[in-house]
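Computed from a predicted structure; not experimentally measured. Quick note: residue numbers are just sequence positions, from 1.
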Amino acid sequence: MTENELRQKVVDTINAWIGATKGTAKHLDILEIYNNHKPLARGYKVQVNDAYCATTVSAAYIRAGIAEYTGTECGVEKYTLVAKKLGIWVENDAHTPKIGDACVYDWDDNGVGDCTGAGDHIGIVSKVSAGSFVVTEGNMTGGKVGTRTMAINGRYIRGFICPDFAAIAKKLGGTTSSTTTASSAVQGTAHTVVAGDTLGKIAAKYGTTADALAAINGIQNKNLIRVGQVIYLTEAAAAVAKLARLGVINSPDYWNTAAASGKVKYLDRLLIQAAEKINKAGTRTATPEEGVAALVAAGVVNTPDYWLANYRTLPSLDALLCALGGAVK
């Protein structure tokens, strides 16, 4: 597993719990993962009515198989101390995190300078954009698992827990990054229009036709494209982009790479057909089996046995089936 795949595994793990509230099956799953992990931090078993934001982060790292390198805790400030001891604490509010890192908050932060107060809350960074990032958190208002969008260097940021995913992936027998694989696959998925481009020139560059690109991108007038416009080169790339815009998936580059790799047959068709049906994100199904059933009911999948037999062959494919299944319901 590569660094990026490992980061995505953590994100998919915590995102699968979105919507959980205290006492629900998803919440109890979080507590079971945390309480059954050895060594149990401070020997304390988290109870159903306890605050559980740090527990959720720990459980995600445990389930991803990297708790040895991230530490675990059920208390936010104590988790900060664990991270400092492990050398993975970033004392910088203005730091731009990566997915899989953890963001620690201090609700008493006055917004001036670098916050050095006590940590009050924590979640895992699940999406990063220009100038902002999304954090998936347990124990939000109402005791739920949900998401929050934060500005880079925004108020209330205490700091970040940044595990060395590259080193962890290498220790687990993978590679330090997916740069080579991703670049070769993703390079042929989209083109950003520059001055002087025409659809015909773009098509010639990538060995396709203007008609094909127009169809893929929903372009009505082939003579009318604008600088900065993203032209998707394949149906799968356009489908992945739509699913990412809707918030159904979080790492379009990963899924473009996976679809292009051919490791899972029909993955590109799954993404294309799902994108045709989906208009908004939904609550993920609890299991990939439920996701496949929903996709069958929606007419997206007609070979459920194949997906049920193969969802373990690609990292995060189980989470994708849950996400797509929840969105087509």
Tell me whether [X] at atom [atom1] has more than 12 heavy atoms from other residues, nucleotides or ligands lying less than 6.0 Å away.
X	atom1	result
Tyr266	OH	no
Arg226	CZ	no
Lys98	NZ	no
Lys84	NZ	yes
Lys144	NZ	no

From the list His121, Glu91, Glu77, side-chain hydrogen bond (donor to acceptor under 3.5 Å, both in side chains) partner of Arg158 resolves to Glu91

Quickly, which of Thr13, Thr147, Asn15 forms a side-chain hydrogen bond (donor to acceptor under 3.5 Å, both in side chains) with Thr136? Name it, please. Asn15

For the hydrophobic clusters of this structure (ILVMFWY residues joined by side-chain heavy atoms under 4.5 Å, transitively), does one cluster hold both [X] and [Y]?
X	Y	value
Ile124	Ile152	no
Tyr105	Ile161	no
Ile272	Val264	no
Trp107	Met150	yes
Tyr156	Trp89	no

Can you list the steps and then say if Lys26 with Val145 is a side chain to side chain contact (heavy atoms under 4.5 Å, CB included)? CA-CA 9 Å; Lys26 289 182 178 180; Val145 179; over 6 Å; no

For the residue pair Arg148 and Phe133, would you count it as a cation-pi contact if the rule is NZ or CZ under 6.0 angstrom from the ring centre and within 45 degrees of the ring axis? no

Basic-acidic side-chain contact under 4.0 Å: Glu3, Lys170: no

Run the salt-bridge test on Asp318 and Lys9 with the 4.0 Å N-O cut-off and return the result as yes or no. no

Verify whether one side chain among His27 and Tyr52 offers a donor that lies under 3.5 Å from an acceptor in the other. no

Going by atom types only, do Tyr44 and Asp50 share a side-chain donor-acceptor pair under 3.5 Å? yes

Please report the C-alpha distance between Val48 and Leu28 in whole Å, then the side-chain angles of each, then the deciding distance to 0.1 Å, and finally whether the side chain to side chain contact (heavy atoms under 4.5 Å, CB included) criterion is met. CA-CA 8 Å; Val48 173; Leu28 296 177; 3.9 Å; yes

Testing [options] one by one against [X] for a side-chain contact (heavy atoms from CB on, under 4.5 Å), which residue passes?
X	options	result
Ile30	Thr55, Val46, Asn139	Thr55
Pro163	Thr70, Leu6, Val10, Leu86	Thr70
Thr189	Asn256, Val240, Asp253	Asn256

Separation between [atom1] of [X] and [atom2] of [Y], rounded to the nearest 0.5 Å:
X	Y	atom1	atom2	result
Tyr232	Asn217	OH	CG	8.0 Å
Arg155	Asp106	CZ	CG	10.0 Å
Ile33	Arg63	CD1	CZ	3.0 Å

Side chain to side chain contact (heavy atoms under 4.5 Å, CB included) evaluation trace for Leu321 with Leu295: CA-CA 8 Å; Leu321 292 170; Leu295 291 166; 4.0 Å; yes

As a quick check of understanding, evaluate side chain to side chain contact (heavy atoms under 4.5 Å, CB included) for Ile219 and Gln229, giving each step before the final call. CA-CA 11 Å; Ile219 297 172; Gln229 181 178 354; 4.1 Å; yes

